[in-house]
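Counting begins at 1 with the first residue of the sequence.
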Amino acid sequence: MTTHITSPTAPGWFAGLGVGPGQPGLLPVASLDVLRGADVIYAPRSRVSQASVALEALRDLDFPAGRVQEVEFLMDGDDDRIGGHYAALAEQIAGQQRQGLNVAYLTIGDAMTYSTLGYLVGALRRAAPDLPRRVLPGVTSYAAAAALTGFALGEGRERVLILPCPDDLAQLRADIASHDVVVLMKVGRRLPVVLDLLSELDLLEHCALAHRLGLDGEVILPSLESLRSDTLPDGPDAARLGYLSVLLIRGARQRRFA
């Protein structure tokens, strides 16, 4: 009698990929190679969006788009809900890896800079510490914005602060006063009041804004002199200008007059 021995399936890998801020050409070559080798590609999408911004950043690139699965990303401020959401997704991905599938997860900008991927990587580490996983970096929105506007993000011993826009403008005022450069992310609906503060501090000339980098509706402003809160459109259009935007602020400590 012949005995057949079934070899166990080798586990697949997981790779988190930063796809850049939106321009397809900014996707790292290493990430594109990984993407082409993936059996399953998770593309996060906001519940209020019609399409995944991460997928928009891959338009016109040669990769297996038929393997994409859109998945809602959760960032509602409820730690328990966020933890449960990514724990469930991690279990699903670990199951696919154990079936021998290679899995990629996309995120805009850099993979681990203010990214939901951080939650997922932590959940995978807890759920399946034995399975192979890696993260590949991407281009941050503020690096792309600085390059497009000629805004130096720090020279010599300058102090640079990167933060999500606070609701407390007094805190933002203190942050600007104590740093040479402030990179302000997640501005959203706060844009009008932030512009008022920058105007009060006489800094509009020394700031830059980038909105929807590399995507439809892109706005690049090397200076904010013409963009004050009273010039913004009313209603949802003002909030839209703050969404998917980054502000580069040169404070008064070492102000440059180029």
Pair Leu169-Leu172, side chain to side chain contact (heavy atoms under 4.5 Å, CB included): steps then yes or no
CA-CA 5 Å; Leu169 285 187; Leu172 179 57; 4.1 Å; yes
Determine, stepwise, if the pair Tyr42 / Leu120 fulfils side chain to side chain contact (heavy atoms under 4.5 Å, CB included).
CA-CA 12 Å; Tyr42 283 99; Leu120 179 56; over 6 Å; no
Checking side chain to side chain contact (heavy atoms under 4.5 Å, CB included) for the pair Asp130/Arg98: CA distance, chi angles, key distance, verdict?
CA-CA 10 Å; Asp130 57 311; Arg98 290 193 173 99; 3.6 Å; yes
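Between the Arg59 side chain and the Glu56 main chain, a donor and an acceptor come within less than 3.5 Å of each other. Checked by atom type and distance alone, the side chain of Asn102 pairs as donor or acceptor with a backbone atom of Trp13 at under 3.5 Å. A distance-only check finds a donor-acceptor pair linking the side chain of Arg190 to the backbone of Val187 [under 3.5 Å]. Distance alone, capped at 3.5 Å, places no donor-acceptor pair between the Glu200 side chain and the Asp196 backbone. Looking at His206, its side chain never comes within 3.5 Å of a backbone N or O of Gly251 through a donor-acceptor pair. Between the side chain of Gln97 and the main chain of Gly12, a donor-acceptor pair closer than 3.5 Å is present. Remark: side-chain polar atoms of Arg159 are paired, donor with acceptor, to backbone N or O of Ser178 under 3.5 angstrom.
The two residues Ala54 and Leu106 come nearest to each other via the heavy atoms CB-CB, 3.9 Å. Annotation for Ala43 and Ser52: closest pair CB-OG, 3.7 Å, computed over non-hydrogen atoms. Residue Asp62 comes nearest to Leu32 through the heavy atom pair O-CD1, 4.0 Å, listed as atom of the first residue, atom of the second, then distance. Here the closest heavy-atom approach between residue Pro222 and residue Ala208 is recorded as O-CB, 3.9 Å. Closest approach of Gly18 and Ser31 over heavy atoms only: O-OG, 4.4 Å. Heavy-atom minimum distance, Ala144 versus Leu26: CB-CD1, 4.3 Å.
The side-chain heavy atoms of Leu247 and Leu224, taken from C-beta on, include a pair separated by under 4.5 Å. Ile162 has its side chain within reach of Met185: a pair of non-hydrogen atoms, C-beta onward, lies under 4.5 Å apart. Here the side chains of Val121 and Tyr105 are not in contact, with every heavy-atom distance at 4.5 Å or above. The shortest distance between side-chain heavy atoms of Leu117 and Met112 falls below 4.5 Å. When side chains are defined from C-beta on, His85 does not count as touching Tyr119, because their heavy atoms never get closer than 4.5 Å. Within the 4.5 Å cutoff, no side-chain heavy atoms of Ser245 are placed close to those of Leu191. Side chains of Pro166 and Leu184 form a contact here, defined as non-hydrogen atoms less than 4.5 Å apart. Using a 4.5 Å cut-off on side-chain heavy atoms (C-beta onward), Thr140 and Tyr114 make no contact.
For Ala145, the side-chain contact (heavy atoms from CB on, under 4.5 Å) partners are Ala210, Leu213, Val246, Leu248, not counting sequence neighbours.
Once rounded to the nearest 0.5 Å, the distance linking CG of Leu209 with CD1 of Ile249 reads 10.0 Å. Interatomic distance, Ile176 CD1 to Leu198 CG, rounded to the nearest 0.5 Å: 5.0 Å. Separation of atoms CD1 (Ile41) and CG (Leu58) is listed at 8.0 Å; rounding is to 0.5 Å. Distance check: Leu61 CG to Leu55 CG gives 11.0 Å after rounding to the nearest 0.5 Å. Rounded to the nearest 0.5 Å, atoms CG (Leu101) and CZ (Arg67) are 10.5 Å apart. Atoms CZ and CD1, from Arg212 and Ile220 in turn, are 12.0 Å apart once rounded to the nearest 0.5 Å.
Considering Ser115, Ser141, Pro137 as possible partners of Asp110, the one that fulfils the side-chain contact (heavy atoms from CB on, under 4.5 Å) test is Pro137.
Under a cut-off of 6.0 angstrom, the local environment of CZ in Arg134 is sparse, with at most 12 non-hydrogen atoms contributed by other residues, nucleotides or ligands. Enclosure of atom CG in Asp168 by more than 12 non-hydrogen atoms of other residues, nucleotides or ligands within 6.0 angstrom is indicated.
In terms of hydrophobic clustering, with Ile, Leu, Val, Met, Phe, Trp and Tyr side chains grouped at heavy-atom distances under 4.5 Å, Leu89 and Leu124 are assigned to a common cluster. When hydrophobic clusters are built by joining Ile, Leu, Val, Met, Phe, Trp and Tyr residues whose side-chain heavy atoms come closer than 4.5 Å, directly or via intermediates, Phe63 is grouped together with Leu215. When the side chains of ILVMFWY residues are joined at heavy-atom separations under 4.5 Å, either directly or via intervening members, Leu201 and Leu163 end up in a single hydrophobic cluster. Under a hydrophobic-cluster definition in which Ile, Leu, Val, Met, Phe, Trp and Tyr are linked whenever side-chain heavy atoms come within less than 4.5 Å, directly or via other members, Leu27 and Leu17 are assigned to the same cluster. Val139 and Val53 fall into different hydrophobic clusters, where Ile, Leu, Val, Met, Phe, Trp and Tyr residues are linked whenever their side-chain heavy atoms come under 4.5 Å apart, directly or through other members.
Leu131 shares a hydrophobic cluster with no other residue; no ILVMFWY side chain has heavy atoms under 4.5 Å from its own.
For the pair Asp167 and Arg189, the salt-bridge criterion is met [side-chain N within less than 4.0 Å of a carboxylate O].
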